[in-house]
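Within every chain, numbering begins at 1; the chains are lettered A, B, ... in the order of the sequence lines, protein sequences first and strands thereafter. Because the structure is predicted, anything quoted here is derived from the model rather than measured.
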Amino acid sequence: MKKAATITYTPLSKSFYEVSPVRLARKLIGTVIVRIIDNNILAARIVEAEAYGGSDDPASHAYRGKTDRNKMMFNSGGYSYVYFTYGMHYCFNVVAGTGRTAGAVLIRAAEPLEGINIMKKNRNRDTLRDLLSGPAKLCQAFAIERSLNGIPLDRPPLFISKSPNTSPPKIKTTPRIGIKEGIDKKWRFVDAGSEFLSVI
DNA sequence: CTCTGGATTAGCT
DNA sequence: GCTAATCCAGAGC
């Protein structure tokens with residue numbers, strides 16, 4: 001029998017997410033993403049996130065309006081937006097705002113806390129630092145794919161919990177990664193000095 | 001309908 | 001540093 005989790009995770013309520021994507025991205029650094037799968041718990045502390053807006057943000061999927069793929073970005077906050085890219089990868093976003101404008105936060109990297117052996121198996125990798133250090137890696141480790149698009153994030157099988165840490169993370173902002181437009185905006189938020197970032 | 005390229009990663013050079 | 005892997009949304013015709 002596997003040892004029980006030593007920490008109890010409580011999902012953040014919807015109101016936590018009803019702020020702008022930029023504000024939400026900052027708030028999410030240090031919180032814990034929790035995945036329940038096959039009676040097992042996976043948990044990781046978010047150390048890197050990027051904000052994406054709506055018609056004001058050319059780097060956003062929602063820039064050109066609502067489509068079948070990006071419609072979750074126009075929802076009110078607290079839901080997942082999972083999309084497929086590069087023919088082989090999924091990325092996980094947290095929808096932000098009240099629903100009046102589009103917006104979401106891409107979760108780019110996290111620090112493994114619990115269920116590390118399952119993450120290693122899902123990733124087919126043994127190195128701790130290589131488990132969650134990128135948006136597609138994180139999805140693979142957490143078994144996040146298309147069927148989890150649009151689900152609420154305040155209950156299993158996937159939710160986000162307040163940081164277990166007492167000391168708040170030291171947050172640094174940088175331009176977003178892997179985009180061509182909107183590089184002037186410093187909408188990437190990282191836990192400065194974390195060993196588990198996608199890009200240092 | 002067809003075509004292009006992407007909020008990426010891994011593996012090789 | 002370079003690029004294959006591999007699907008589908010979005011744009012153009």
I'd like to know whether [atom1] of [X] has more than 12 heavy-atom contacts from other residues, nucleotides or ligands below 6.0 angstrom.
{"X": "A/E195", "atom1": "CD", "value": "no"}
{"X": "A/N124", "atom1": "CG", "value": "no"}
{"X": "A/K172", "atom1": "NZ", "value": "no"}
{"X": "A/K14", "atom1": "NZ", "value": "yes"}

For the pair made of [atom1] in [X] and [atom2] in [N], what is the distance, rounded to whole Å?
{"X": "A/E145", "N": "C/dC8", "atom1": "CD", "atom2": "C1'", "answer": "16 Å"}
{"X": "A/Y52", "N": "B/dG6", "atom1": "OH", "atom2": "C1'", "answer": "11 Å"}
{"X": "A/M72", "N": "C/dA9", "atom1": "CE", "atom2": "P", "answer": "16 Å"}
{"X": "A/E181", "N": "B/dG5", "atom1": "CD", "atom2": "C1'", "answer": "14 Å"}

Q: Return the minimal non-hydrogen interatomic distance between A/V95 and A/Y17, and the atom names on each side.
A: O-CB, 4.0 Å
Q: Convert the base pairs of DNA chain B into dot-bracket notation, remembering that pairs crossing earlier ones are written with [ ] and that bases paired across to another strand are shown as |; include only Watson-Crick or G-U pairs under 3.5 Å.
A: ||||||.|||||.
Q.
Under 4.0 Å between a side-chain nitrogen and a carboxylate oxygen: does that hold for A/D56 and A/K185?
A. no
Can you tell me how far the [atom1] atom of [X] sits from the [atom2] atom of [Y], to the nearest 0.5 Å?
{"X": "A/R108", "Y": "A/R188", "atom1": "CZ", "atom2": "CZ", "result": "6.0 Å"}
{"X": "A/L24", "Y": "A/I29", "atom1": "CG", "atom2": "CD1", "result": "10.0 Å"}
{"X": "A/L158", "Y": "A/I144", "atom1": "CG", "atom2": "CD1", "result": "5.0 Å"}

Q. With sugar-phosphate meaning primed atoms plus P, OP1 and OP2, does A/L106 contact a base, only sugar-phosphate, or nothing at under 4.0 Å between heavy atoms?
A. base
Q. NA contact type, A/A59, heavy-atom cut-off 4.0 Å: base, sugar-phosphate, or nothing?
A. base
For [Y], is there any backbone N or O sitting under 3.5 Å from a side-chain donor or acceptor partner on [X]?
{"X": "A/S60", "Y": "A/A62", "answer": "yes"}
{"X": "A/N93", "Y": "A/Y81", "answer": "yes"}
{"X": "A/K137", "Y": "A/R123", "answer": "no"}

Q.
Is the phosphate of B/dG6 approached by A/K180 (side-chain N or O, under 4.0 Å from OP1 or OP2)?
A. yes
Q | A/R176 vs B/dT8: side-chain N/O to OP1/OP2 distance below 4.0 Å | A | no
Which pairs, protein N/O on one side and nucleotides 10-13 of chain C N/O on the other, fall under 3.5 Å?
residue	atom	partner	partner atom	Å
C/dG10	OP1	A/T67	OG1	2.9
C/dG10	OP2	A/T67	OG1	2.9
C/dA11	OP1	A/R64	NE	2.9

Under 3.5 Å, which N/O atoms of the protein pair with N/O atoms of nucleotides 10-13 of chain B?
residue	atom	partner	partner atom	Å
B/dA10	OP1	A/R123	NH1	2.9
B/dA10	OP1	A/R123	NH2	2.7
B/dG11	OP2	A/R125	NH2	3.2

Q: Within residues 73-95 of chain A, find the residues that approach DNA chain C with a heavy atom at under 4.0 Å, and present them sorted by residue number.
A: A/F84, A/Y86, A/G87, A/M88
Q | Contacts of A/Y90 that satisfy ring-ring contact (aromatic ring centres under 6.0 Å, His included) - sequence neighbours left out | A | A/F84
Q: Give every residue pair that meets the ring-ring contact (aromatic ring centres under 6.0 Å, His included) criterion with at least one member in residues 181-200 of chain A, sequence neighbours excluded.
A: none
Q. P atom, B/dT2 versus C/dT6: distance in rounded Å?
A. 23 Å
